[in-house]
Amino acid sequence: MSDQITDRKAKLDKIRALGVDPYGTRFPNVTSHADIRAAAEGLRIEAGQISAEPAACCRAAGRIVLYRDIGSLIFMTVRDRSGELQFGLSKKMLLEATEGRRDEGTKGSNAARVARFSTLDFRNTLDEGTRSVEPVPRRAGGEDAGLGAPAPQDPTVPWKVAKLLDLGDIVGVAGRLGRTKTGELTLWAEQFSLLSKAVRPPPEKYHGLTDIEARYRRRYVDLAANPVSQRVFILRARIIDHIRDVLRRRAFIEVETPVLQPIYGGAAARPFLTHHNTLDQDLYLRISPELYLKRCLVGGLERVYEFARCFRNEGISPRHNPEFTMLELYQAYGDYHDMMDLTEEIVSGAARDLIGSMTIPFGDQEIDYTPPWPRRKYADLFAEHVGFPLTDMAKVRERARQLLEQKATTLDERKADDEIVVNALFEHYVERHLVNPTFVLDYPASLCPLTKRHPQDPSVALRFELFISGMEIGNAYSELNDPAVQHETFSRQLRGEEGETMAVMDEDYVEALECGLPPAGGLGLGIDRLVMLLTGSPSIRDVILFPLQRPQALA
RNA sequence: GAGGGCGUAGCUCAGUCGGUAGAGCAACGGCCUUUUAAGCCGUGGGUCCAGGGUUCGAGUCCCUGCGCCCUCACCA
């Protein structure tokens, strides 16, 4: 039992004894701190002054991150999602303002008071939708926190409540902008409302929350205490917005396909198994949305995409989370070259528009996203980095045996087909060298059961994977649309890792192809990994709000 | 799954050779109308991750377990 929590709960009682609800309600017409700062530029307030301009009246809210009580004057640094702003509370000023309102309480309407504090008239760029441009009159006895309270009030109450504030509390203020004698922009409160009392103390104000486990388990504390963490998730949202913009311009439509699937497919991975009680049916959480999205193309939707949460029952690492988000899209009448162009536009555009730089550091690397990116053939890269051609199976298998001896792989080449062994070497020797964005194209066909074959060389599939910083970021095909070939590749079980196959027979999918799948390019992009790269986050858990953690008894 | 590292106050961290558990921030009491991680005076706060062992004595050494991080394997 923490003393600090006890102390703070005691303050709750004191605040309630003053007739104030420590958990406020609506606080309308708030201007973001960033917008207040921008507007204050135009007011030209001198140091040590409080502006008399009507435009200097505004309302703001946020969480107290610093609190400096210097007697009859309190300064607090308050954070909203746009930034920080200093609120100033003066005992004398609050008292006079509260007395003034009590006197006019019998004649002035609540709406009029709200209007008085809504005069900052500029477009609120961050806040459209929550800030009403027109003051919104509430019904008599409105619900606005603090402001809606019955007018007659002991004028000393606001100051008494202010003295009971703690770091982490959420407050709202209505007042006038000024500058202190050191020039710091300050919102001097004529009214203030306690909107939410925090009964748990925030982390240390300078270092924030640094314990990695605590940041994942209690992400709300991490977000509140560490603006850099907020920035990652804001950027993640903007990256997704950016992708939607690109696809919208190209007439793609966003669709949703099943997460619960009776047959899993579209990738090689172990699935999660679940069960529907009423149907008494086993179901898999999807490992990929691919087969459903291509059914949409059969139906004529032509250009579809999905931000698909996928689930793979595999190991966890800084680059792997059991659930992750993949953008998949399909474009009728296109091929994998179109997908390369689109991928370049999406990723390099995000770097340019959202990060503002075509080179972004990742770990100790500096990644250059400037298009066009190299487009290298799988076989060429293999020969270059492994040292002999991938057709030399004697050498390939010999090298694979060496890797197994060194425990650098678990693949036993004696139990695996040629292409599987080749690919194991590729993954071990080649991928780590692909630091700047690189398209690897023309994979061995048997690794790609859903991909169209090269017209001149049926051993090669029209597929590329995109690598950045040694990570696979994207994967795209010229989609296989011949139902007979599809049926055959589904039937042919490639020998690889135990319990895994490259594809599972999906009769309904083959039947869909028999109805006619237009030739198409398809693309999968790993959103989490893309966000890692663009935000410089070394672990996938840094870009997933609530990463899976083993359960732990709460302290 | 294998190997390595870490776990001390609400938070950030010290803790020597095995000898009474420490600091800053936060908290509590007091002072302060221009602070900027405010300052000054005073005070309280510990299942040293858990369990076992060695020892006169364990935060420290050993074993087991739990959690997290890293590397490797699997995987995208």
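Letters go in sequence order (proteins before strands), and every chain restarts at 1. Both backbone and side-chain heavy atoms feed into the values below; hydrogens, waters and symmetry mates do not.
- Within the 4.0 angstrom heavy-atom criterion, base atoms lie near A/D69.
- Residue A/G315 is classed as a base contact, given a heavy-atom separation below 4.0 Å to a base.
- If you check every strand for non-hydrogen atoms under 4.0 Å, A/I212 touches sugar and phosphate atoms only.
- At the heavy-atom level, A/R217 lies under 4.0 Å from the strands shown only through sugar-phosphate atoms.
- Nucleic acid contact for A/G48: none, since no nucleic acid atom lies under 4.0 Å from a heavy atom of the residue.
- Within 4.0 Å (heavy atoms only), A/P202 reaches no atom of the nucleic acid at all.
- Residue-level contact check: A/Q549 touches the backbone only, with heavy atoms under 4.0 Å from sugar-phosphate atoms and none from bases.
- Note on A/E184: a base of the nucleic acid sits closer than 4.0 angstrom, heavy atoms only.
- At a threshold of 4.0 angstrom between heavy atoms, the contacts of A/F324 include nucleobase atoms, whether or not backbone atoms are also involved.
- Here the closest non-hydrogen pair linking A/F426 and A/Y443 is CE2-OH, 4.4 Å.
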Please tabulate, for side-chain N and O atoms in residues 285-293 of chain A, each donor-acceptor pair with protein atoms closer than 3.5 Å (sequence neighbours left out).
unit_1 : atom_1 : unit_2 : atom_2 : d
A/R286 : NE     : A/R309 : O      : 2.8
A/R286 : NH1    : A/T257 : O      : 3.0
A/R286 : NH1    : A/T257 : OG1    : 3.3
A/R286 : NH1    : A/E306 : OE2    : 3.1
A/R286 : NH2    : A/E306 : OE2    : 3.4
A/R286 : NH2    : A/R309 : O      : 3.4
A/S288 : OG     : A/E290 : N      : 3.0
A/S288 : OG     : A/E328 : OE2    : 3.4
A/E290 : OE2    : A/K294 : NZ     : 2.8

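- Among the heavy atoms of the strands lying under 4.0 Å from A/A408 are primed sugar atoms or P, OP1, OP2 only; no base atom is included.
- If you measure from atom CG of A/L167 to atom C1' of B/rU36, you get 14 Å, rounded to the nearest angstrom.
- Atom pair A/W188:CH2 and B/rU35:C1' shows a separation of 9 Å (rounding to whole Å applied).
- Counting any heavy atom pair closer than 4.0 Å across all strands shown, A/S72 reaches a base atom.
- When heavy atoms are screened at a 4.0 angstrom cut-off, A/N321 is found touching base atoms of the nucleic acid.
- Residue A/K92 is classed as a base contact, given a heavy-atom separation below 4.0 Å to a base.
- Using a 4.0 Å heavy-atom criterion, one finds that A/R218 contacts no nucleic acid atom at all.
- Applying the salt bridge (charged side-chain N to carboxylate O under 4.0 Å, His left out) criterion to A/E465, with sequence neighbours excluded, gives A/R463.
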